[in-house]
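Order of the sequence lines sets the chain letters (A, B, ...), proteins ahead of strands, with each chain counted from 1. Bear in mind the structure is a predicted one, so any value in this text is a computation, not a measurement.
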Amino acid sequence: MRITSHQEPTARTVILGVAASDSHAVANHLIAYSLRGLGFDVVNLGTCTPVEEFAEACVRHPDAEAVVIGSLNGHIHEDLRGLDRAKQSGRITCPVIVGGNLSVGSHKGGTSHDRLYAAGVDHILSDPAELPGLLDALRAERAGAAANRTGLAAS
Amino acid sequence: MSLSAFPGFPGFPAFPAHGSAPPSDPAATPTPAESAAYITSLGKPTAAEVLDRCRARGRVAIQPRCGVGGHEEMKALLATLEAEAAPDILTLTIDSHTRLLRFEEALRTLNLRPADLNGYPMVAHGWRRGRELNELIEAPLEIRHGSPDARILFDVSVASGITSFEGGGISYNLPYSKAVPLAESLGAWQDVDRRCGELAEHGVVIDRELFGTLTAVLVPPSISLAISVLEAVLAARAGVRCISVAYPQGGHLAQDVAALRSIPVLAERYLPAGVTVHAVLHEFMGVFPRQRDNAEDLIFYGALVARLGGASKLITKTHQEAYGIPDTAANVEGLRLADRANSPLLDFITVDDDQVQREMTWILDEVADLVEPLLERADLIEAIIEAFAEGRLDIPFSASRYARSDLIPRRDPSGAIRYLSTGELPFSSAHVRRNTELLHAVDGPDPALDALMRGLTGDINHFRHVFQEEEPATPAPRSAPRPVSAARTPPTEEPI
């Protein structure tokens with residue numbers, strides 16, 4: 001019951017969850033709390049969420065602006081197996097943002113990130129505080145793209 | 001519900017299991033009347049009797065967590081703990097497969113690699129072996145687990161002569177399971193509680209301990225106690241006669257003592273006469289100090305909190321808590337250390353009664369705001385399910401999607417646990433304002449997400465900071481994500 005024609009526009013929706021093998025709940029709930037405070041409609045899938053469940057949530061919420069996946073246990077690469085297929089098949093169409101503690105061990109560098117990009121991740125965040133800014137930037141990008149399309153259609 | 005009714009169970013007799021006694025025939029679990037007759041014939045005190053006796057003597061009963069997969073190993077563990085530390089009550093911590101009704105997996109692992117089990121697979125071993133354990137030791141046994149549906153485990157346990165059983169329809173669901181609807185877990189635990197009522201009619205009172213520790217991470221006392229009150233009312237209505245309300249040590253002396261002293265007041269207020277209620281303290285369940293001396297300080301401090309709070313029982317930790325499952329020697333040492341706080345020499349240790357009284361008033365008022373609107377409803381289970389869906393009941397950092405976790409706890413400057421966000425909890429404006437004021441000095445009016453995460457991680461690591469144990473240095477190259485790792489949930493009832 002969120003939308004009727006004369007109400008305010010739909011709240012901005014974000015799909016949030018922790019990677020499949022990871023049961024760290026604290027950061028997940030803090031991010032949900034913080035985004036809700038900023039007015040987002042947060043679909044929080046919680047801890048231990050497989051890619052399949054993120055995909056199902058995207059199908060249920062086609063208006064979602066992004067999928068935000070946290071991972072703190074160093075297993076993100078295994079946990080995201082299938083993400084590229086879910087994107088190719090069109091079930092996940094919005095950008096996928098990943099953040100947290102992204103590999104086992106203390107040396108984290110470019111290779112690990114490149115593998116994530118190859119696996120279907122669009123953005124990697126090192127600081128959760130950057131998330132609201134990134135979501136705004138993604139929205140502006142999309143609005144720009146939509147305006148371009150409209151412009152083309154009108155000409 | 002009998003074992004034979006469990007659809008996944010036909011493979012059971014095909015696996016020969018380790019150990020001296022043959023596995024019991026699952027179809028032949030004794031009836032409640034037969035189990036009650038066996039328990040009476042044992043001539044051994046029940047857990048409820050031990051708790052009553054300790055309370056009358058002004059002694060805090062001491063109990064460890066312990067559970068290993070193999071039967072002979074479990075026997076050795078119980079025998080050693082009893083011989084060397086003589087705890088008032090002993091424990092069988094149950095493995096994760098059994099908690100989730102995966103009895104076949106539990107049995108397979110038991111036969112192939114028993115050391116891989118993170119507890120004793122009670123159902124796979126069967127009630128005859130359970131009786132062997134029970135008859136081996138003098139102390140009564142409690143089952144500790146984490147099952148949203150513990151009906152089969154309960155029947156096997158009682159048939160084994162075990163007289164104390166932990167859990168509840170809320171407290172053994174939300175911290176442990178992601179997607180089990182509350183209606184299912186509350187329904188299953190009503191069956192367990194009704195079975196306790198049936199056993200009471202046969203003359204055996206089962207101690208039903210509620211798991212107020214929840215996710216074990218910064219649990220505000222009024223949330224822990226409100227959920228225990230609701231589970232206790234449901235249990236009492238179903239026929240339970242002895243209820244242990246367990247509260248997790250938060251780390252602030254006056255607040256913890258106040259929470260424990262609130263338990264008899266809440267029992268008086270919300271439970272029918274004729275139900276015995278005991279306060280139980282869980283020694284700190286969060287991030288433990290790494291250094292042995294510091295860990296032992298915290299263990300002894302917890303035991304003193306239990307003494308000052310008038311707890312009937314204390315569940316102990318060990319100096320190896322920061323590293324995983326303790327070995328038997330550490331478990332013995334943890335029990336012996338905690339028991340020192342029972343010394344008659346320590347009467348000089350007191351607590352600021354005014355401060356405790358103030359905290360108690362706050363806790364009792366907040367619990368009243370949470371539970372009283374629900375207790376008025378004709379169908380309490382329905383009221384609880386609705387309240388969680390709407391956030392009028394909530395827990396922080398839930399593992400389950402059936403709690404919203406809109407509430408955010410923080411420590412105030414004195415270390416007491418307050419509400420940074422009360423979410424949709426139906427607190428009076430005075431309660432919300434007090435929490436806001438107490439926390440204002442910590443974060444300022446509107447902390448940013450990164451500051452909040454750092455602050456909360458600090459709160460979770462409270463005791464490491466108290467003991468000035470530095471976090472291991474993590475080299476942080478520019479591209480590295482900052483670890484925002486905090487305590488792991490769900491908690492492990494046994495350090496698994």
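For the atom pair A/Asn28 CG and B/Phe397 CZ, the distance stands at 10.5 Å (nearest 0.5 Å). The line from CG of A/Asn44 to CG of B/Asp406 is 10.0 Å long, rounded to the nearest 0.5 Å.
At a 4.5 Å heavy-atom cutoff, the contact between B/Leu456 and chain A is made by side-chain atoms alone.
Pairing each heavy atom of A/Thr47 with each of B/Lys178, the nearest pair is O-NZ, 2.7 Å. Here the shortest heavy-atom pairing between A/Tyr33 and B/Ser421 reads CE1-CB, 3.3 Å. Taking each heavy atom of A/Pro128 and B/Met453 in turn, the nearest pair found is CG-SD, 3.6 Å. Among all heavy-atom pairs drawn from A/Ala25 and B/Ser398, the shortest one is CB-O, 4.2 Å.
With salt bridges taken as basic N to acidic carboxylate O contacts below 4.0 Å, one links B/Arg401 and A/Glu53.
Atom CZ of A/Arg142 has more than 12 neighbouring heavy atoms from other residues, nucleotides or ligands inside a 6.0 Å radius.
Among A/Leu30, A/Val18, A/Leu131, A/Asp22, the residue with the largest count of heavy-atom pairs under 4.5 Å with chain B is A/Leu30.
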